[in-house]
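Single-structure report; data block below.
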Amino acid sequence: MAGHGVSRLLSHSMRAYYLPLAAGVLLASSAFMPWTLVGNQRLGGVPDVPGLWVLGLGVLAVVLAGLSVLTRKNSRHPLLLVGLTAFAIVLVTERLMERSVADQLWARSQARAIVAGEQGPVRRPDPTMAPGAYLGLSAASVIALFGMTIVIKRVARPYAEPDDDDA
């Protein structure tokens, strides 16, 4: 019985939408991970507003892909917008966060060095991109590229033909 259910899933006319569905789950999960690492500090993710936006966009991608599978209607244009928006949010937030946190930590360490009377240059902290940003960028890319297929492919009929369920 389970083999029959799996074969039905794999032969579904809208099975291509499983890809953005899985990418939407990964995008939503990336919102709970840190996006930037500076030393032992982990920054980014859900408590911040961009993290909430990425979480919402990941849920929206899952809903759109799930509805496409259930209703057999195309949702590639909205998925393209969701993917591009999520990619932009993660990339811009990570870059801005990386720069501002590094500047804040450098200014703080420079002030401590001045108060302590130390001479010489203060080492600037090196922020790095965390796994959450990599996962979010790759999941958003998959969603955007999937949405882009309708623009590139120019499908003559963007909707699936109805199956004959009476057979």
Side-chain angles (χ1 to χ4, degrees), residues 1-38 40-102 127-165:
M1 192 60 153
H4 178 65
V6 171
S7 67
R8 278 187 64 208
L9 283 176
L10 293 177
S11 65
H12 192 276
S13 63
M14 301 295 273
R15 66 184 170 270
Y17 280 88
Y18 296 151
L19 181 65
L21 187 107
V25 170
L26 291 176
L27 181 64
S29 66
S30 75
F32 294 103
M33 298 177 180
W35 292 351
T36 302
L37 296 174
V38 180
N40 59 357
Q41 280 187 321
R42 298 172 180 219
L43 305 164
V46 160
D48 299 333
V49 174
L52 293 173
W53 272 99
V54 169
L55 176 63
L57 289 169
V59 169
L60 183 62
V62 169
V63 168
L64 286 171
L67 284 174
S68 291
V69 170
L70 291 175
T71 63
R72 298 180 183 183
K73 301 288 183 191
N74 183 12
S75 66
R76 291 182 191 212
H77 288 104
L79 283 170
L80 173 63
L81 293 176
V82 166
L84 290 175
T85 304
F87 188 87
I89 288 173
V90 173
L91 184 67
V92 169
T93 301
E94 196 278 330
R95 290 286 128 197
L96 289 176
M97 191 181 316
E98 189 175 283
R99 174 177 277 169
S100 69
V101 169
T128 58
M129 193 181 257
Y134 286 118
L135 183 63
L137 289 174
S138 59
S141 297
V142 168
I143 294 168
L145 289 173
F146 182 82
M148 190 88 81
T149 58
I150 198 161
V151 176
I152 294 170
K153 196 174 179 183
R154 290 279 184 203
V155 180
R157 291 179 47 148
Y159 301 104
E161 300 216 8
D163 289 339
D164 188 15
D165 293 338

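By convention here, the first residue in the shown sequence is residue 1.
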For [X] and [Y], which heavy atoms make the closest approach, and how far apart are they?
X	Y	value
A23	A139	O-CB, 3.4 Å
A31	G51	CB-O, 3.4 Å
V59	A28	N-CB, 4.4 Å

Consider side-chain contact (heavy atoms from CB on, under 4.5 Å). Of [options], which one does [X] pass it with?
X	options	result
V54	F32, W35, F87	W35
Y17	L79, L67, L70	L79
W53	V90, T93, I89	I89

To the nearest 0.5 Å, how far apart are [atom1] in [X] and [atom2] in [Y]?
X	Y	atom1	atom2	result
S30	Y134	OG	OH	14.0 Å
T36	E94	OG1	CD	4.0 Å
I143	R76	CD1	CZ	13.5 Å
S141	F146	OG	CZ	15.0 Å
L80	L64	CG	CG	12.0 Å
D48	L43	CG	CG	8.0 Å

Worksheet entry | Donor-acceptor contact below 3.5 Å, side chain S68 vs main chain K73 |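 The answer is yes, because a donor-acceptor pair under 3.5 Å joins these two groups.
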Worksheet item: So do the side chains of M148 and H77 get within less than 4.5 Å of each other, counting heavy atoms only?
Response: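 The answer is no, as the side chains (C-beta and beyond) never meet within the 4.5 Å cut-off.
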Practice prompt. Please examine the side chains of M129 and L137, heavy atoms only from C-beta on, and report whether any two atoms are closer than 4.5 Å.
Written response: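 L137 reaches M129 side chain to side chain.
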